[in-house]
There are 2 protein chains.
Amino acid sequence: MGGTSVTSKVLALLAAFDAGHRELTLSELARRADISLPTAHRRAAELVEWGALERVGSGRYRIGLRLWEVGSLAPRAPGLRESALPFMEDLYVVTRQNVQLAVRDDLELVFVERIAGRHAVPVLTRVGGRFHLHATGVGLVLLAHAPPEIQEQVLAGPLPRYTAGTIVEPDRLRRVLAEVRQRGYAVSEQAVTDDATSVAAPVRDGTGEVAAAVSIVVQSRSARPRELAPYVLTAAQGISRALGSGPPSSE
Amino acid sequence: MGGTSVTSKVLALLAAFDAGHRELTLSELARRADISLPTAHRRAAELVEWGALERVGSGRYRIGLRLWEVGSLAPRAPGLRESALPFMEDLYVVTRQNVQLAVRDDLELVFVERIAGRHAVPVLTRVGGRFHLHATGVGLVLLAHAPPEIQEQVLAGPLPRYTAGTIVEPDRLRRVLAEVRQRGYAVSEQAVTDDATSVAAPVRDGTGEVAAAVSIVVQSRSARPRELAPYVLTAAQGISRALGSGPPSSE
DNA sequence: AAGAGGCTTCCAGTGAGTGAAAAGGCCGTG
DNA sequence: CACGGCCTTTTCACTCACTGGAAGCCTCTT
């Protein structure tokens, strides 16, 4: 469907970039987007003219500032971000651990903001990156408060295993989700890598809907996750309150 | 030129959104992008399918997470951001003033990151927003280190006045820029609003080029800008060093 | 000099894109 | 309950913007 429309070609060009390929030549661009070279050339030129792409040196393209500007207008990401950052900083100062903020997009989660502790466990995630809902603290929180049909789709779909700790059994996942709802926060122990455990709590918007999840990621060995939960909950509530009273400075 | 291409229509649709209009109906979209309603409908549908737009409720569109994700890959904004945030936080903790980070894009500057002091002077700027180069601390720094042809274009163009303090005389601006280069930092007193003064310093990338500028914005009355310059310079140097040694965690 | 690889331009054919107009929804109001 | 207004969605026939192959161009290598 629509595999040959101009729009899909333009979007394919933009989608050709990823975290590992922030600069591409025209031919790489054409190859990755699966469009002919002359067409890639024309579309790329139009994108450059508008500022969605930038030419760097001779023959290399990268995502342009104008596109980033437009992306910054996505209400679910940067709006949330503005409200959340101060509380995430507080959380970081108290715990000195990686602090993460994520939202759900369909059957995945997207990391919206992160404070990387300079001496904390290195995490694999990246702001703007996607991940499965069943294998992180934030994922469990977001999934636990997602509409039933979303939960069913995730439970029915494949649940990739990352470590021995990853929850891949639908029944067990169901029980864990119920627990998360009841307890108010999620603890995900060694579900993604063996040395990381995370504690996550839901952020609610003005209507009471769960709009995001905050978490801290701690060393599995030294972890006393349950002791850290109150801090995460406090941060989550702070963000929820800030969200409820509208974004701090929209203008 | 190209005013009727599909690409330009797609981009016009995205450009229809701004800080004051984060959600638009189809007719607003069509009107603001200046394209016919059926076309807006078709293009918007394609954008939604890809995730560049999202439909919210019935008949309202907003920028989608996928577009934000792609925008997050712009090397000049979020890459810089990751390197800069820790140092900006340090600067905020020491000074308790608004901390801003901006890059130059052609003849304007774009704010890339901001830490809004909770008790500091309210600033009009917004992450993702644009501004003139001649009327802020960061602008003066970026302009002072811009290629000569850029400087000439700015000096030749109109220099809007915001307050009595705005520098609108080309000759005076030229002198100020020389001073900024020599001194290593810029002080912009009441150039945008009467109660804000900013102190800015250049951030250099691995090659020594000025890639960005950091600044703090202080109350004009209580300001002793020169005393704050060392802090700003320290932060700028820290960011420069972090930039030079590559992004902290690209993966 | 000749070759290789990538970028850019040219060309004629064609189907994706176009706007007008009509149909379909979704309200409030008389 | 029918009416009118407003917005969204679909239909339709026309046409021009888009297409890929091929040829030209540039730059760096052998």
Side-chain angles (χ1 to χ4, degrees), chain A residues 1-18 20-64 66-67 70 73-75 207, chain B residues 1-18 20-64 66-67 70 73-75 207:
Chain A
M1 160 201 301
T4 53
S5 74
V6 176
T7 309
S8 72
K9 283 171 191 167
V10 167
L11 297 174
L13 279 180
L14 297 180
F17 295 86
D18 62 39
H21 302 83
R22 301 197 177 204
E23 291 193 2
L24 296 171
T25 65
L26 185 62
S27 1
E28 286 170 331
L29 217 41
R31 204 175 315 124
R32 292 171 68 91
D34 192 29
I35 54 188
S36 77
L37 214 124
T39 301
H41 180 247
R42 285 182 288 247
R43 296 293 85 82
E46 290 173 318
L47 288 167
V48 167
E49 192 187 338
W50 190 75
L53 293 183
E54 291 175 355
R55 296 202 67 153
V56 36
S58 65
R60 298 187 77 78
Y61 292 84
R62 63 182 183 193
I63 299 291
R66 192 126 241 155
L67 193 65
V70 173
L73 294 172
T207 72
Chain B
M1 159 198 301
T4 54
S5 75
V6 176
T7 309
S8 72
K9 282 171 191 168
V10 168
L11 297 174
L13 279 180
L14 297 180
F17 294 87
D18 63 39
H21 301 84
R22 302 197 177 203
E23 290 192 1
L24 296 170
T25 65
L26 186 62
S27 2
E28 285 169 330
L29 217 41
R31 204 175 316 122
R32 292 171 67 91
D34 192 30
I35 54 188
S36 78
L37 218 125
T39 299
H41 179 247
R42 286 183 287 246
R43 296 292 87 82
E46 291 172 318
L47 288 167
V48 168
E49 192 187 336
W50 190 74
L53 293 183
E54 291 175 354
R55 296 203 66 154
V56 37
S58 64
R60 299 187 76 79
Y61 293 85
R62 63 182 181 191
I63 299 290
R66 194 126 241 157
L67 193 65
V70 174
L73 293 171
T207 71

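Each chain gets a letter, A, B and so on, in the order its sequence line appears, and its residues count up from 1. Values reported hereafter were calculated over all heavy atoms of this structure, with side chains retained and with hydrogens, waters and symmetry mates removed. Only a predicted model underlies this, so the values are computations on that prediction, with no experimental measurement involved.
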Novice: Which pair of non-hydrogen atoms, one from A:Ala44 and one from A:Leu26, has the smallest distance, and what is that distance?
Specialist: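 Here A:Ala44 and A:Leu26 meet closest at CB-CD1, 4.3 Å.
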Novice: Can you tell if the side chain of A:Leu13 reaches within under 4.5 Å of the side chain of A:Ile35, non-hydrogen atoms only?
Specialist: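 A side-chain contact exists here, since the closest heavy-atom pair is under 4.5 Å.
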Novice: Could you tell me from which nucleotide to which nucleotide of DNA chain C, 5' to 3', there is an atom under 4.0 Å from chain A heavy atoms?
Specialist: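 Range of nucleotides touched by chain A: C:dG6 to C:dG17.
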Novice: Could you go step by step and tell me if B:Ile63 and B:Glu54 meet the side-chain contact (heavy atoms from CB on, under 4.5 Å) rule?
Specialist: CA-CA 6 Å; B:Ile63 299 290; B:Glu54 291 175 354; over 6 Å; no
Novice: At 10 degrees resolution, what angle do the end axes of the helix from C:dA1-D:dT30 to C:dG30-D:dC1 form when each is taken over five base pairs?
Specialist: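 Comparing the first five pairs with the last five, the axes sit 30° apart.
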Novice: Can a salt bridge be assigned to the pair B:Asp18 and B:Arg32 using a cut-off of 4.0 Å between side-chain N and carboxylate O?
Specialist: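 So B:Asp18 pairs with B:Arg32 through a salt bridge.
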Novice: Does a side-chain N or O from B:Arg60 land closer than 4.0 Å to OP1 or OP2 of D:dT8, or not?
Specialist: no
Novice: Taking the side chain as every heavy atom from C-beta outward, state whether A:Arg22 and A:Arg62 have any atom pair closer than 4.5 Å.
Specialist: no
Novice: For nucleotides 13-20 of chain D, which of its nitrogen or oxygen atoms have a protein nitrogen or oxygen under 3.5 Å away, and what is each distance?
Specialist:
residue: D:dC18; atom: OP1; partner: B:Val6; partner atom: N; Å: 3.0
residue: D:dT19; atom: OP1; partner: A:Lys9; partner atom: NZ; Å: 2.7
residue: D:dT19; atom: OP2; partner: A:Arg43; partner atom: NH1; Å: 2.3
residue: D:dG20; atom: OP2; partner: A:Ser36; partner atom: OG; Å: 2.6
residue: D:dG20; atom: OP2; partner: A:Thr39; partner atom: OG1; Å: 2.4
residue: D:dG20; atom: N7; partner: A:Arg42; partner atom: NH2; Å: 3.2
residue: D:dG20; atom: O6; partner: A:Arg42; partner atom: NH1; Å: 3.3

Novice: Does any non-hydrogen side-chain atom of B:Val56 lie less than 4.5 Å from one of B:Tyr61?
Specialist: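 No, every pair of side-chain atoms sits at 4.5 Å or beyond.
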Novice: Could you tell me whether A:Glu46 and A:Arg43 make a salt bridge, using a distance below 4.0 angstrom between a side-chain N and a carboxylate O?
Specialist: yes
Novice: Answer whether the closest heavy-atom distance between the side chains of A:Leu53 and A:Leu14 falls below 4.5 Å.
Specialist: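 Yes, side chains in contact.
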Novice: Is any side-chain heavy atom of A:Leu24 closer than 4.5 Å to one of A:Phe17?
Specialist: yes
Novice: With a 4.5 Å cut-off on side-chain heavy atoms, are A:Leu47 and A:Leu67 touching?
Specialist: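 They are not in side-chain contact.
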Novice: Round to the nearest Å and state the distance from A:Leu26 atom CG to D:dC26 atom C1'.
Specialist: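 From A:Leu26 CG to D:dC26 C1': 14 Å.
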